[in-house]
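Have a look at the structure below before the remarks.
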Amino acid sequence: MKKFNIAIVGLGGQGIITMGTVMKNAALNSDLQDVSGSERRGGAQREGYVETFVKYIFYENAAEMNSPRKNMHSPMIESGGANALISLEPLETLRGIKYLNKNSIVIFNKTPYIPISVRMGKTKYPEISFIVSELQKVTKHIYYYDIDAISLEKFNALTQKNIIALGILFAKADIPIERSAVESVLAEGKGAENNLKAFALGLNL
Amino acid sequence: MAKSNLFVNGSEGDKAIVLGNEAIARGALEAGIGYASMYPGTPASEIIAVLDKNKKHVENLYTEFSLNEHISLHGAIGASWSGIRSLCAMKNVGLNVASEPAQFLAYTGVKAGLVLAIGSDPGAPSSSNEQDDRWYSLHTYMPIMEPSNIQEAKDFTKDAFDVSEEFSFGIILMAPSRLCHNAGVLRFGNIRDRKNIKGNFKKDPENYLNLFSLAVKNHAKYLERNELLKKYLIESKFNKIINDGQSKIGFISSGVIYAHLMEAFDILGVYDHKILKLGFSFPISNELIKRFFEGLEKVVVVEEAEGFLEFQIKKIAYETGFKGSIYGKEFFSRTGEITLDDVISGVSRFLEKPLPVSFDFAAKKDKELSDKLPQRSGTFCIGCPHRATFYSILKAVGFSNTDEKERDVVIAGDIGCYTLGLLPPYNAMDFLTCMNAGLSIGQAISNFDKSKKVIALVGDSTFYHSGIPVLLNAVQNGADILYIILDNSWTAMTGHQKTPSTQKDIDGKPSANVLNLKDLVKSLGVSYVKSLDPNSVKRFSAQIKSALKEPGVKVLIAKRECILQEIRRNKSLFKNDPKVAETGESLYEIQKSRCVKCNECFVELACPAIILKKDEDTGGDYYYIDPASCVKCGVCYEICPNSAIRKVEFDLKSEFKIDGKSLEIAI
Ligand code: SF4
Ligand code: SF4
């Protein structure tokens with residue numbers, strides 16, 4: 001049995017849940033493969049912390065899959081258990097730090113969304129350099145981009161940033177899922193043309 | 001849900017990625033339900049929403065978003081007595097409202113299978129308490145099934161209908177938010193033939209006329225049925241003993257916590273302890289537990305909340321003469337969600353087995369950082385009328401966050417999207433408990449503390465849920481209070497179900513039976529009632545001020561549709577009729593030169609579309625309206641005391657207007 005865990009974090013309204021859904025739908029091809037993972041959804045409101053987990057399991061054979069000792073179904077990722085972390089908001093990357101180990105790959109978006117406590121002058125938003133140095137204490141594999149700016153520049157909208165981030169994930173991490181499987185999920189979904197473009201864009205960053 | 005709508009058409013051999021809630025709904029569909037209802041509540045809402053959305057593709061399926069849980073469960077009972085398999089869903093606290101029908105259900109029994117799916121919310125990310133509804137069953141005798149993953153969510157639901165019919169109990173299917181919102185692979189089964197779903201109510205006075213000596217008889221009957229069910233559960237497929245090691249330690253768990261436990265064992269590299277997985281957490285058979293206890297010296301119960309299983313297991317241990325020790329809450333917290341991490345740490349402590357290095361390191365790092373990071377809380381959507389409502393209220397009562405003035409008006413909160421008004425920067429609630437507590441508690445406070453004015457808030461959906469008698473009570477008893485109904489036409493927080501206020505559906509179709517809220521309020525005997533647009537903040541604020549001066553019960557209806565629904569409808573109308581879109585554009589902008597950073601828009605109103613930008617030239621910061629997120633509600637434009645925000649309009653003839661005045665020069 002092999003596991004591969006991806007934690008995706010960010011804010012309500014950034015398309016976090018969609019990223020998880022795309023990655024999960026790309027894993028329906030084999031019978032010896034399982035995927036699940038919970039989504040933390042607030043209400044319909046914006047700007048709250050949102051996280052979603054994508055947990056792939058690959059079984060050696062049917063016997064292993066059917067053994068209750070090996071058939072894993074926790075919807076959560078444990079501390080230090082993520083192979084990859086994607087964060088669409090810099091500060092939230094640090095809230096996702098608990099999922100990292102020394103081999104984890106981290107991809108994060110540099111565009112900050114200022115929480116209300118910072119607006120009110122009660123706290124300070126951390127510098128990107130602080131975020132990076134904290135992450136570096138855990139793993140060396142850190143990649144960050146201004147994904148908001150890239151999405152705005154290429155698509156004239158922020159809506160593509162989540163799929164761009166998935167492209168980056170495939171470029172930087174060794175994901176045990178076929179890239180083409182993700183592409184066919186995107187091709188069958190809403191806004192296929194832009195999503196495929198965004199994915200390709202991320203792949204080349 | 002996947003492309004070819006497997007939710008409706010899928011059959012054995014198909015699989016798809018579905019949400020736990022959808023899996024429950026699919027299980028009910030496979031079992032041949034003809035009735036599905038709920039009062040929406042996170043985390044359970046999608047259970048009925050997905051059935052409602054698909055009902056036009058499903059023969060003989062009735063769905064209902066009932067006005068409250070009490071009505072909803074009664075509806076399911078009526079359907080069951082008519083021979084229709086019925087599914088009712090609600091969130092944990094919904095059972096408080098539906099506790100009355102739940103109390104009677106064991107007495108009267110069911111005809112066709114009835115399943116009550118409950119979404120519990122440990123850690124309370126979307127609730128006002130952590131209530132574990134399983135305790136209700138100690139007196140309602142409703143059997144409880146707890147699926148541990150997405151596949152079981154479907155399979156258990158399907159089977160629950162058979163068990164319900166066989167033992168004549170309504171079955172509770174418990175799913176915590178972690179399962180409701182777990183998305184993963186589901187393997188489908190076949191759907192029962194739906195052609196013959198037809199109601200036929202057969203009179204059954206002995207069971208259904210539940211009073212006097214008949215009630216006492218029914219009481220005895222269900223205690224008997226409960227014993228039969230216990231017997232059935234000794235060998236049933238729902239409870240499993242895993243016994244492949246030599247250890248004298250046993251673990252008992254159920255539901256998602258069982259899933260955490262199995263993964264925790266794998267992460268800790270522990271494979272030899274005896275395990276009991278309870279698919280039914282009520283009732284529990286003494287015989288089953290006795291068999292599990294065999295050869296064990298120590299037993300640990302791994303579960304959430306106050307220990308419903310532990311309570312039962314300890315009683316059974318006493319009754320069966322178990323000599324070993326039983327643990328539980330010493331290792332797993334009574335409060336908050338029990339996460340995978342908590343199970344790993346608890347098991348590691350109990351077995352005195354070291355934690356994996358990477359786990360330990362990451363957990364410590366998280367702890368060290370979490371105090372240092374600015375907290376983040378959700379807020380109203382951009383352009384949400386609730387933001388304007390709170391802003392208006394705070395202005396009317398003379399409160400400001402910028403100068404930290406005290407607010408002596410008491411503001412009573414209630415349940416809905418507007419509950420977010422209790423968070424900074426508004427801090428505009430003084431208490432918040434359950435549905436419609438605002439006005440009822442507020443009425444008494446205004447009665448006993450005459451030095452303070454009281455404003456009670458309520459949303460339209462919450463008002464219709466159980467607020468009408470509360471308002472009538474305030475009128476009847478001569479209360480002195482201002483009641484503001486935030487009528488945004490939808491049960492927005494749970495995914496936009498309709499309320500009696502919904503005028504137009506998202507496709508533009510007018511709703512049938514729309515209620516005139518103002519007339520309703522008047523008919524209850526309120527003479528001071530006004531309906532106005534909260535986005536006209538100055539007018540609204542002045543109205544609140546003058547209402548507070550009047551005696552008696554005053555009602556203001558803040559009437560404006562949820563911005564998300566308005567945007568969605570406009571989008572779909574544009575799509576169908578491109579001409580509608582050709583009406584020109586407008587935008588709001590902050591003129592850097594005039595803005596003095598007084599913070600009226602940035603902190604007091606706190607619209608998230610107004611952001612801080614770095615000035616490349618000076619290195620300083622300035623306020624900026626992000627045109628990609630601004631929805632042009634115009635509220636900031638109205639409130640800026642320095643006229644620094646302007647409205648720029650341009651139509652297709654490239655005519656420009658600034659603040660309503662035409663410009664000569666075209667750009
Ligand atoms: S209200 Fe006007 S002056 Fe005050 S910060 Fe906003 S734009 Fe600037
Ligand atoms: S007009 Fe002003 S208040 Fe309204 S959405 Fe735009 S920035 Fe926010």
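Reckoned from all heavy atoms, side chains included, excluding hydrogens, waters and symmetry mates. Order of the sequence lines fixes the chain letters, A, B, ..., with proteins taken first and strands second; residue numbering starts at 1 for each chain.
- The neighbour count for A:N66 CG, taken as heavy atoms of other residues, nucleotides or ligands under 6.0 Å away, is above 12.
- The candidate from A:L152, A:L91, A:I114 with the greatest count of non-hydrogen atom pairs under 4.5 Å with chain B is A:L91.
- The interface of residues 127-145 of chain A with chain B, defined by heavy-atom distances below 4.5 Å, comprises A:F130, A:E134, A:K137, A:V138.
- At least one side-chain heavy atom of B:D266 sits less than 4.5 Å from a side-chain heavy atom of A:M1.
- Contact annotation for B:D272: only backbone heavy atoms (N, CA, C, O) come within less than 4.5 Å of a heavy atom of chain A.
- A heavy-atom distance below 4.5 Å is found between the side chains of B:K15 and A:D31.
- Residue with the most contacts toward chain A among B:T339, B:V357, B:I257: B:T339 (heavy-atom pairs, distance under 4.5 Å).
- Counting all heavy atoms, side chain and backbone alike, B:P374 lies closest to A:Y125 at CG-CA, 4.5 Å.
- Across A:G80, A:S36, A:S79, the residue that shares the most heavy-atom pairs under 4.5 angstrom with chain B is A:S79.
- The shortest distance between side-chain heavy atoms of A:R69 and B:I275 falls below 4.5 Å.
- For the residue pair B:I17 and A:K24, the shortest heavy atom distance occurs at CD1-O, 3.5 Å.
- To the nearest 0.5 angstrom, B:Y271 atom OH is 3.5 Å from A:K70 atom NZ.
- Under the 4.5 Å side-chain criterion, counting only non-hydrogen atoms from C-beta, A:M120 is in contact with B:P424.
- Taking B:K277, B:K372, B:H273, B:K240 one by one and counting their heavy-atom pairs under 4.5 Å with chain A, the maximum is reached by B:H273.
- When all heavy atoms of A:K55 and B:E263 are compared, the closest pair comes out as NZ-OE2, 2.8 Å.
- Minimum heavy-atom separation, A:I77 to B:D341: O-OD1, 4.4 Å.
- Taken to the nearest 0.5 Å, the CG atom of B:D626 stands 6.5 Å off from the CG atom of A:L158.
- With a 4.5 Å cut-off on side-chain heavy atoms, B:R376 and A:S117 do not count as touching.
- Taken from CG in A:L11 to OG1 in B:T379, the straight-line distance is 12.0 Å, to the nearest 0.5 Å.
- Residues from residues 98-112 of chain A that place a non-hydrogen atom less than 4.5 Å from a non-hydrogen atom of chain B comprise A:K98, A:L100, A:N101, given in numerical order.
- Shown here for A:R95 and B:D366, the closest heavy-atom pair between the two residues is O-OD1, 4.3 Å.
- Rounding to the nearest 0.5 angstrom, the gap separating the OG atom in B:S358 from the CD atom in A:E78 is 7.5 Å.
- For the pair A:S74 and B:L340, the tightest heavy-atom approach, listed with the atom from each and the gap, is OG-CD2, 3.7 Å.
- A 4.5 Å side-chain heavy-atom check between A:Y49 and B:P125 finds every atom pair outside the cut-off.
- Heavy-atom pairs under 4.5 Å with chain A peak, among B:I344, B:I267, B:V256, at B:I267.
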* What do the steps show when you test B:Q375 against A:T123 for side-chain contact (heavy atoms from CB on, under 4.5 Å), and what is the final call? -> CA-CA 9 Å; B:Q375 284 311 308; A:T123 46; over 6 Å; no

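- Other residues, nucleotides and ligands place no more than 12 heavy atoms under 6.0 Å from the CG atom of A:N156.
- Ranked by heavy-atom pairs under 4.5 Å with chain B, the first of A:P115, A:G189, A:P126 is A:P115.
- Ranked by heavy-atom pairs shorter than 4.5 Å toward chain A, the options B:L612, B:D244, B:I611, B:L355 are led by B:D244.
- The side-chain heavy atoms of A:H73 and B:M262, taken from C-beta on, include no pair separated by under 4.5 Å.
- A 4.5 Å side-chain heavy-atom check between B:E368 and A:I97 finds every atom pair outside the cut-off.
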* Would you sort out whether A:L28 and B:V185 count as a side-chain contact (heavy atoms from CB on, under 4.5 Å), showing the intermediate values? => CA-CA 8 Å; A:L28 279 170; B:V185 181; 4.1 Å; yes

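- Contact count versus chain A (heavy atoms, under 4.5 Å) is highest, among B:K367, B:R187, B:R178, for B:R178.
- There is no side-chain donor-acceptor pair under 3.5 Å between A:S38 and B:H181.
- In this structure, chain A has a heavy atom under 4.5 Å from the side chain of B:F361, while its backbone stays farther away.
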